Amino acid sequence: MSKEHWMRDLPMALRDLSIINLAIPGSHNSMTYGISSKSRLAPDADSTVRRWHRFFPCFVRRWSRTQSSGVVDQLQLGVRYFDLRIAQKDDKFYYCHGLFCMEVFEPLLELRHFLDSHPEEVVILDLQHFYALTVAHHQQLHKDLITFFGHRLYSTADGSLKDCTLNRCLEMSRQLVIIYRRCPIPLPLRFWPSYAWPTPWPNKSSVKQLQSFLEDSLLSRQPQQGYVSQCLITPTGRYIAFRVFFTLKSTAKRVDKKLHPWIADQMPGPFEPKEEPKVNVFLADFVNLKDGQWCDWVLHLNTKLHERITDESQQEQDSES
């Protein structure tokens, strides 16, 4: 299976499942690869970041950048969920994570080109946080996104998320789901609200605490919802102070290594209200580590799901014969 075309290459039984029942690789703060030496402080930077940036800007850049591969490279590695933070400056929209990245529509143009040349792939854009946006800015961003993506958007008028299968999206020429969180005004029908796709923030600085959080929070998932497991730690000031010569990338390597057994033990797929909830999206820092092994781990869960579906189907046939 080609990771660039992994949705196209799924067995028919999985293409008939909703995307909320598949295992999907996601990137955390997806556009921070755009942070450079020219990046300035963004509105989401707290007082500590602002103080450190004044004297050690390169240090702040090291800990603000959570991805090092561009949007097309991430797509080719198999990423289909993008975590976005947006700030406004001078009536323009930018990605941010402590520091400003590029303008919003620069990488989205690359993403749109990818979708047009990969008609059987579906992408989720999760607009997680907004900074320094007024009501008028939100209205403008709504309009710009709808105009930019047009017919590709799978909207709330197209059906529920449980109806959002890859085969149905192909029939309807839909390739994009936009989740728009924390909006101060009513959402257009083209966008999905926060409760449709929960993404609990672990806010943990150790992998052991993180895994416990992931296990416990997953239990709150409802069958009609998408769900994001944020497989990353949140470094505290103390954590960073003891790792002055390290980077977030080295931390991501350690998290990936320790979480791999837990990820490998998971199973995506549909579940009933009284059944144990199953996984969906896995979010990580630096998804390109070791040629995208993170994405390999997540996508292998779909192979497990298909094997289970095949085994259950065979057992049904045997019992009927």
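Side-chain atoms are counted along with the backbone in the values below, which use heavy atoms only and exclude waters and symmetry mates. Please read all numbers here as calculations on a predicted model, not as lab measurements.
Between Leu214 and Leu259 there is a side-chain heavy-atom pair separated by less than 4.5 Å. Proximity of Pro202 to Thr234: side-chain heavy atoms (C-beta onward) are nowhere separated by under 4.5 Å. Contact check for Leu305 versus Ile309: side-chain heavy atoms found under the 4.5 Å cut-off. Residues Asp126 and Val281 are not in side-chain contact: their nearest non-hydrogen atoms beyond the backbone lie 4.5 Å or more apart. Contact check for His113 versus Leu109: side-chain heavy atoms found under the 4.5 Å cut-off. Side chains of Gln175 and Phe149 form no contact here, defined as non-hydrogen atoms less than 4.5 Å apart. No side-chain heavy atom of Gln266 sits under 4.5 Å from any side-chain heavy atom of Val298. Side-chain atoms of Cys183 and His142, non-hydrogen and from C-beta on, do get closer than 4.5 Å to each other.
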Steps toward salt bridge (Lys or Arg N to Asp or Glu O under 4.0 Å) verdict (Arg152, Asp116): CA-CA 9 Å; Arg152 302 170 187 82; Asp116 289 345; 3.0 Å; yes

Asp73 and Tyr33: side-chain contact (heavy atoms from CB on, under 4.5 Å), yes or no, with the steps? CA-CA 11 Å; Asp73 290 336; Tyr33 64 88; over 6 Å; no

Steps toward side-chain contact (heavy atoms from CB on, under 4.5 Å) verdict (Ile178, Arg190): CA-CA 8 Å; Ile178 290 184; Arg190 301 291 187 92; over 6 Å; no

Evaluate Leu75 against Phe82 for side-chain contact (heavy atoms from CB on, under 4.5 Å), listing each step before the verdict. CA-CA 10 Å; Leu75 287 162; Phe82 294 87; 3.7 Å; yes

Can Cys164 and Ile20 be said to form a side-chain contact (heavy atoms from CB on, under 4.5 Å), step by step? CA-CA 8 Å; Cys164 186; Ile20 66 173; over 6 Å; no

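The aromatic rings of His260 and Trp297 lie parallel to each other, their planes meeting at an angle below 30°, with 60° marking the opposite boundary. The aromatic rings of Tyr180 and Phe191 lie parallel to each other, with less than 30° between the two planes, well short of the 60° mark.
Using a 3.5 Å distance cut-off with no hydrogens or angles, the side chains of Ser160 and Asp163 do pair a donor with an acceptor. With no hydrogens or angles considered, no side-chain donor-acceptor pair links Asp9 and Ser2 at under 3.5 Å. Side-chain atoms of Thr134 and His137 form a donor-acceptor pair, as typed in the model, at a separation below 3.5 Å. In the model, Ser39 has no side-chain atom that pairs as donor or acceptor with a side-chain atom of Tyr94 under 3.5 Å. Counted by atom type alone, Ser30 and Gln67 present zero donor-acceptor pairs between their side chains at under 3.5 Å.
Here the side chain of Ser27 pairs no donor or acceptor atom with the backbone of Val287 at under 3.5 angstrom. Looking only at distances, a side-chain donor or acceptor of Ser220 sits under 3.5 Å from a matching main-chain atom of Ser217. Judged purely by atom type and a 3.5 angstrom limit, His28 has no side-chain atom pairing as donor or acceptor with the backbone of Leu283. In this structure, the side chain of Arg254 does not engage the main chain of Lys258 through any donor-acceptor pair within 3.5 Å. The backbone N or O of Lys38 lies less than 3.5 Å from a partner atom in the side chain of Ser36, making a donor-acceptor pair. Between the side chain of Asn280 and the backbone N or O of Val228 there is no donor-acceptor pair closer than 3.5 Å.
Within 6.0 Å of NZ on Lys3 lie more than 12 heavy atoms contributed by other residues, nucleotides or ligands. Remark: Glu275 CD is packed, more than 12 non-hydrogen atoms of other residues, nucleotides or ligands lying under 6.0 Å away. Counting heavy-atom neighbours within 6.0 Å of Asp291 CG, excluding the residue itself, gives a total of 12 or less.
None of Gln209, Lys208, Glu215 except one satisfies the side chain to side chain donor-acceptor pair (under 3.5 Å) rule with Gln211; the exception is Glu215. Gln230 pairs in a side chain to side chain donor-acceptor pair (under 3.5 Å) with only one of the listed residues (Thr199, Asp285, Asn203), which is Thr199.
Interatomic distance, Arg181 CZ to Phe130 CZ, rounded to the nearest 0.5 Å: 10.0 Å. With rounding to the nearest 0.5 angstrom, the CG atom of Leu108 is 3.5 Å from the OH atom of Tyr95. Atom OG in Ser18 sits 10.0 Å away from atom CZ in Arg168 (nearest 0.5 Å). Interatomic distance, OG1 of Thr156 versus CG of Leu161, reported as 9.5 Å (0.5 Å rounding). Gln74 contributes atom CD, which lies 11.0 Å from atom CZ of Arg80 (distance to the nearest 0.5 angstrom). One finds the NZ atom of Lys92 at 12.0 Å from the CZ atom of Phe100 (value rounded to the nearest 0.5 Å).
Listed by chain and number, the residues in a side chain to side chain contact (heavy atoms under 4.5 Å, CB included) with Leu170 are Arg15, Glu120 (sequence neighbours excluded).
Under the 4.0 Å criterion applied to side-chain N and carboxylate O atoms, Arg174 and Asp158 are assigned as salt-bridge partners.
Remark: Arg112 qualifies as a cation-pi partner of Phe148 under the 6.0 Å distance and 45° angle criteria applied to the six-membered ring.
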